[in-house]
Amino acid sequence: MQNYYAVKNKIHLSSPHMSGKEQKYIEEAFLSNWIAPVGPNIDAFENEVEAYIGDGKAVAVSSGTAAIHLALLLSGVKSGDRVFCSSLTFVASANPILYLGAEPVFIDSEPETWNMSPQALEKAFQEAEKEGKLPKAVIAVHLYGQCAKLAEISQLCQHYRVPLIEDAAESLGSTYQGKASGTIGEFGIFSFNGNKIITTSSGGMLICKDPSKAEEARFLATQAKDPAMHYQHSSIGFNYRMSNILAGIGRAQISVIEERVKARRRIFRKYYQELSDQSGLTFMAELPSTRSNRWLTALTIDEWVTKVSVKYLLKYLINENIEARHVWKPLHLQPLFRGALYYSHDKANSISEQLFHSGICLPSGSNMPEEDQMRIIDCIRSILH
Ligand SMILES: *Cc1c(COP(=O)(O)O)cnc(C)c1O
């Protein structure tokens, strides 16, 4: 029997989706008393992620943010250095630049992928070279699972001999020309935060192209302990290792990653089938020769056509207990980064700002029931009429 007075159940943007196998690994950790940030689950989880992505050396850490911090340290970023970073992203992409006292320079998106514009990146490189202030690293984000134009970006990075860090926090399971996202740059990072495609409740992974960098990362992540019988330290270290219990959750989660990607892609396809005929709506495309994990279904709304603003649509959905969201607010517009240099896609167009004003992310959890998705679709249809 339906109760029409009950508050409609909340539909989350992206909630944790357990496989049912997690408890077994946690129990094993308890039984063997491996409760520390060392233990068999950590090594196994690293090996399993390496096997899945097919290239690079993996280091399990406490968060995606920690992984970015380590990647910057291993790229030699020091106080006063410049780091180029995508502007249209979550603040965690750039916070570690500030941890190091370095200066972020923000690079706009291009319209096809919503990710770093190679054109803007080239301009930034050219001007930095003229000033004699080339960056020490470039952080390129794969937004909502969509790969950036990595061929163009890595070519530019190689030309200027600057290491590329792929912020693949949102794109585990995405591929670019057959290669896993996170394995193309010198470094890649993944996040296993609660809302990501797989989760360890909190956690992250650093992927290093050069295995010796992975060894260095392990050293830095465990308080930079020198190889001596007594406690001896010659450099600054961090407490960034993942716990053996959380790595156990990760092992269960990585075993179902392909199912999770399929589910998110199915959710995207349903939204697309049901809503793409509405004029004024444009779904984030998928770059040819790539596979997006479709972590979140994202689209833009042309207010001139729909006569409905993004703000209004979001308010309406939130009232219906549906957790939809704005696209990330570009970092060059954040008070935290006031005064930072910014390179737009071209003189007339700041693509990240356009996407911020017109973009919206829809609930996309792999555990979202189809009737919930239909409720969202019906809501959007009714408001557009
Ligand atoms: C989630 C996320 C991070 C940070 O990962 P944490 O594990 O939460 O520290 C970094 N970059 C992007 C683009 C993210 O979405």
S.K.: Looking at Lys21, His17, Glu22, which one forms a side chain to side chain donor-acceptor pair (under 3.5 Å) with Ser19?
M.R.: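 So the option named by the test is Glu22.
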S.K.: Regarding His357 and Glu303, is there a side-chain donor-to-acceptor distance under 3.5 Å anywhere?
M.R.: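 Note: His357 and Glu303 side chains miss the donor-acceptor criterion.
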S.K.: Could you walk me through whether Leu384 and Leu281 pass the side-chain contact (heavy atoms from CB on, under 4.5 Å) check?
M.R.: CA-CA 10 Å; Leu384 293 178; Leu281 301 193; 3.9 Å; yes
S.K.: Taking the six-membered ring for Trp, are His332 and Tyr342 closer than 6.0 Å centroid to centroid?
M.R.: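 Yes, the ring of His332 comes within the 6.0 Å limit of the ring of Tyr342, centre to centre.
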S.K.: For the pair Phe106 and Ser352, evaluate side-chain contact (heavy atoms from CB on, under 4.5 Å) and give the outcome as yes or no after the intermediate values.
M.R.: CA-CA 11 Å; Phe106 292 111; Ser352 60; over 6 Å; no
S.K.: Which class fits the ring pair Tyr160 and Phe125: parallel under 30°, tilted 30 to 60°, perpendicular over 60°?
M.R.: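 Tyr160 and Phe125: parallel rings.
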S.K.: Is any side-chain heavy atom of Asp302 less than 4.5 Å from a side-chain heavy atom of Thr306?
M.R.: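 No, side chains not in contact.
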S.K.: In terms of ring plane angle, is the pair Phe283 and Phe268 parallel, tilted or perpendicular, where the classes change at 30° and 60°?
M.R.: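 If you compare the ring of Phe283 with that of Phe268, the planes turn out perpendicular.
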S.K.: Report the residues that fulfil salt bridge (charged side-chain N to carboxylate O under 4.0 Å, His left out) with Lys179, sequence neighbours left out, ordered by chain and then residue number.
M.R.: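 With sequence neighbours excluded, Lys179 shows a salt bridge (charged side-chain N to carboxylate O under 4.0 Å, His left out) to Asp55, given in chain and number order.
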S.K.: Taking the ring of Phe238 and the ring of Tyr99, is the distance between their centroids below 6.0 Å?
M.R.: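 Not under 6.0 Å, so no.
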S.K.: In the structure I gave you, are the side-chain heavy atoms of Tyr144 and Thr297 within less than 4.5 Å of one another anywhere?
M.R.: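 No, too far: nothing below the 4.5 Å cut-off.
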S.K.: Could you pull out the closest heavy-atom pair between Ile42 and Ala36, with the gap in Å?
M.R.: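 Shortest heavy-atom contact: CD1-O, 4.4 Å.
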S.K.: Any heavy-atom pair between the side chains of Phe45 and Thr200 that's under 4.5 Å?
M.R.: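 A side-chain contact exists here, since the closest heavy-atom pair is under 4.5 Å.
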S.K.: Taking the side chain as everything from C-beta on, heavy atoms only, tell me whether Ile249 gets closer than 4.5 Å to Thr199.
M.R.: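 No, too far: nothing below the 4.5 Å cut-off.
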S.K.: Glu259 vs Lys262, test: salt bridge (Lys or Arg N to Asp or Glu O under 4.0 Å). Steps then yes/no.
M.R.: CA-CA 5 Å; Glu259 287 164 47; Lys262 279 192 196 112; over 6 Å; no
S.K.: What are the two closest non-hydrogen atoms of Ile97 and Cys85, and how far apart are they?
M.R.: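 Scanning both residues completely, I find the closest heavy atoms to be CD1-CB, 4.0 Å.
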S.K.: Quick check for you: to the nearest 0.5 Å, what is the distance between Ser86 atom OG and Met116 atom CE?
M.R.: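 Here the rounded value is 4.0 Å.
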S.K.: Under 3.5 Å, is there a donor on one side chain and an acceptor on the other for Asn115 and Gln146?
M.R.: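 No donor-acceptor contact under 3.5 Å links the two side chains.
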S.K.: May I ask you to check whether over 12 heavy atoms, not counting those of Lys209, lie within 6.0 Å of atom NZ?
M.R.: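 Yes, the 6.0 Å shell around NZ holds more than 12 heavy atoms from other groups.
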S.K.: I want to check something: taking the side chain as every heavy atom from C-beta on, are Thr290 and Leu150 in contact at a cut-off of under 4.5 Å?
M.R.: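 A side-chain contact under 4.5 Å is absent here.
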S.K.: Side-chain donor-acceptor pair under 3.5 Å between Ser14 and Asn195, yes or no?
M.R.: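 The criterion, which ignores hydrogens and geometry beyond distance, is not satisfied for Asn195 and Ser14.
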S.K.: Within a radius of less than 6.0 Å around CD of Glu131, do more than 12 heavy atoms belonging to other residues, nucleotides or ligands occur?
M.R.: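 Atom CD in Glu131 is packed in, count exceeds 12.
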S.K.: Given Asp378 and Arg375, is the salt bridge (Lys or Arg N to Asp or Glu O under 4.0 Å) satisfied, shown in steps?
M.R.: CA-CA 5 Å; Asp378 289 341; Arg375 202 175 106 205; over 6 Å; no
S.K.: Take Ile53 and Phe190, measure what side-chain contact (heavy atoms from CB on, under 4.5 Å) needs, and give me the verdict at the end.
M.R.: CA-CA 11 Å; Ile53 60 178; Phe190 296 117; 4.1 Å; yes
S.K.: State yes or no: do Leu206 and Ile165 share one hydrophobic cluster built from I, L, V, M, F, W and Y residues joined by side-chain heavy-atom distances below 4.5 Å, directly or via other members?
M.R.: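 Hydrophobic grouping puts Leu206 with Ile165.
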S.K.: When you check the side-chain N and O atoms of Asp108 and Ser117, is any donor under 3.5 Å from an acceptor?
M.R.: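 Per modelled atom types, Asp108 and Ser117 side chains form no pair under 3.5 Å.
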S.K.: I'd like to know if Glu186 pairs up with Lys213 as an ion pair, taking the criterion as any Lys NZ or Arg NE/NH1/NH2 lying under 4.0 Å from an Asp or Glu carboxylate oxygen.
M.R.: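 Not counted as a salt bridge, because no side-chain N and carboxylate O are separated by less than 4.0 Å.
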S.K.: Show your working on side-chain contact (heavy atoms from CB on, under 4.5 Å) between Glu110 and Ile351 and close with a plain yes or no.
M.R.: CA-CA 6 Å; Glu110 49 82 27; Ile351 304 296; 5.6 Å; no
S.K.: Would you check if there is a donor-acceptor pair between the side chains of Asn41 and Arg251 at a distance under 3.5 Å?
M.R.: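 Asn41 and Arg251 do have a side-chain donor-acceptor pair below 3.5 Å.
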S.K.: Identify the residue among Glu216, Met205, Arg241, Met242 that makes a side chain to side chain contact (heavy atoms under 4.5 Å, CB included) with Val59.
M.R.: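 With Val59 as partner, Glu216, Met205, Arg241, Met242 yield a single side chain to side chain contact (heavy atoms under 4.5 Å, CB included), made by Arg241.
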S.K.: Would you say NZ of Lys225 has more than 12 non-hydrogen atoms from neighbouring residues, nucleotides or ligands within 6.0 angstrom?
M.R.: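 Not more than 12 within 6.0 Å, no.
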S.K.: Any side-chain heavy atom of Leu341 sitting closer than 4.5 Å to one from Glu127?
M.R.: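 No. Closest side-chain heavy atoms not under 4.5 Å.
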S.K.: Is there side-chain contact between Asn293 and Ser174, with heavy atoms separated by less than 4.5 Å?
M.R.: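 Result yes, sub-4.5 Å side-chain heavy-atom pair found.
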S.K.: Indicate if Val105 and Phe90 have the same hydrophobic cluster label, given that clusters are the connected sets of ILVMFWY residues with side-chain heavy-atom separations under 4.5 angstrom.
M.R.: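 No, Val105 and Phe90 fall in different hydrophobic clusters.
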S.K.: Working to the nearest 0.5 Å, report the span between CG of Asp167 and CD1 of Ile189.
M.R.: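 Rounded to the nearest 0.5 Å, the CG-CD1 separation comes out at 4.0 Å.
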S.K.: Is Glu46 close to Lys57 at the side-chain level, that is, under 4.5 Å between some pair of heavy atoms?
M.R.: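 Result no, sub-4.5 Å side-chain heavy-atom pair not found.
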S.K.: In chain order, what residues pass the side chain to side chain contact (heavy atoms under 4.5 Å, CB included) check against Leu220, with sequence neighbours excluded?
M.R.: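 Counting only residues at least two positions away or on another chain, Leu220 forms a side chain to side chain contact (heavy atoms under 4.5 Å, CB included) with Leu70, Leu73, Leu74.
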S.K.: Give the minimum heavy-atom separation between Leu143 and Leu88, together with the two atoms involved.
M.R.: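 What the structure gives for the nearest pair is CD1-O, 3.2 Å.
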S.K.: Nearest 0.5 Å, what's the SG-CH2 distance between Cys361 and Trp328?
M.R.: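 The CH2 atom of Trp328 is 7.5 Å from SG of Cys361, to the nearest 0.5 Å.
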S.K.: Kindly compute the distance separating CZ (Arg260) from OG (Ser366), expressed to the nearest 0.5 Å.
M.R.: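 Taking CZ in Arg260 and OG in Ser366, the distance rounds to 5.0 Å.
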S.K.: Atom CD1 of Ile380 and atom OH of Tyr271: how far apart are they, to the nearest 0.5 Å?
M.R.: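 If I round to the nearest 0.5 Å, the distance is 6.5 Å.
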S.K.: If you measure from CZ on Phe30 to CG on Asn244, what distance do you get to the nearest 0.5 Å?
M.R.: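 The CG atom of Asn244 is 10.5 Å from CZ of Phe30, to the nearest 0.5 Å.
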S.K.: Give a yes or no on this: more than 12 heavy atoms of other residues, nucleotides or ligands lie within 6.0 Å of atom CD1 of Ile236.
M.R.: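 Open.
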S.K.: Does atom CD of Gln126 have more than 12 heavy-atom neighbours, drawn from other residues, nucleotides or ligands, at distances under 6.0 Å?
M.R.: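 More than 12 within 6.0 Å, yes.
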S.K.: Assess, by modelled atom type and distance only, whether the side chains of Tyr52 and Glu258 contain a donor and an acceptor separated by less than 3.5 Å.
M.R.: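 There is such a pair (donor and acceptor under 3.5 Å, judged by atom type) between the side chains of Tyr52 and Glu258.
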S.K.: Would you please say whether a donor-acceptor pair under 3.5 Å links the side chains of His142 and Tyr176?
M.R.: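 On atom types as modelled, these side chains do not qualify, holding no pair under 3.5 Å.
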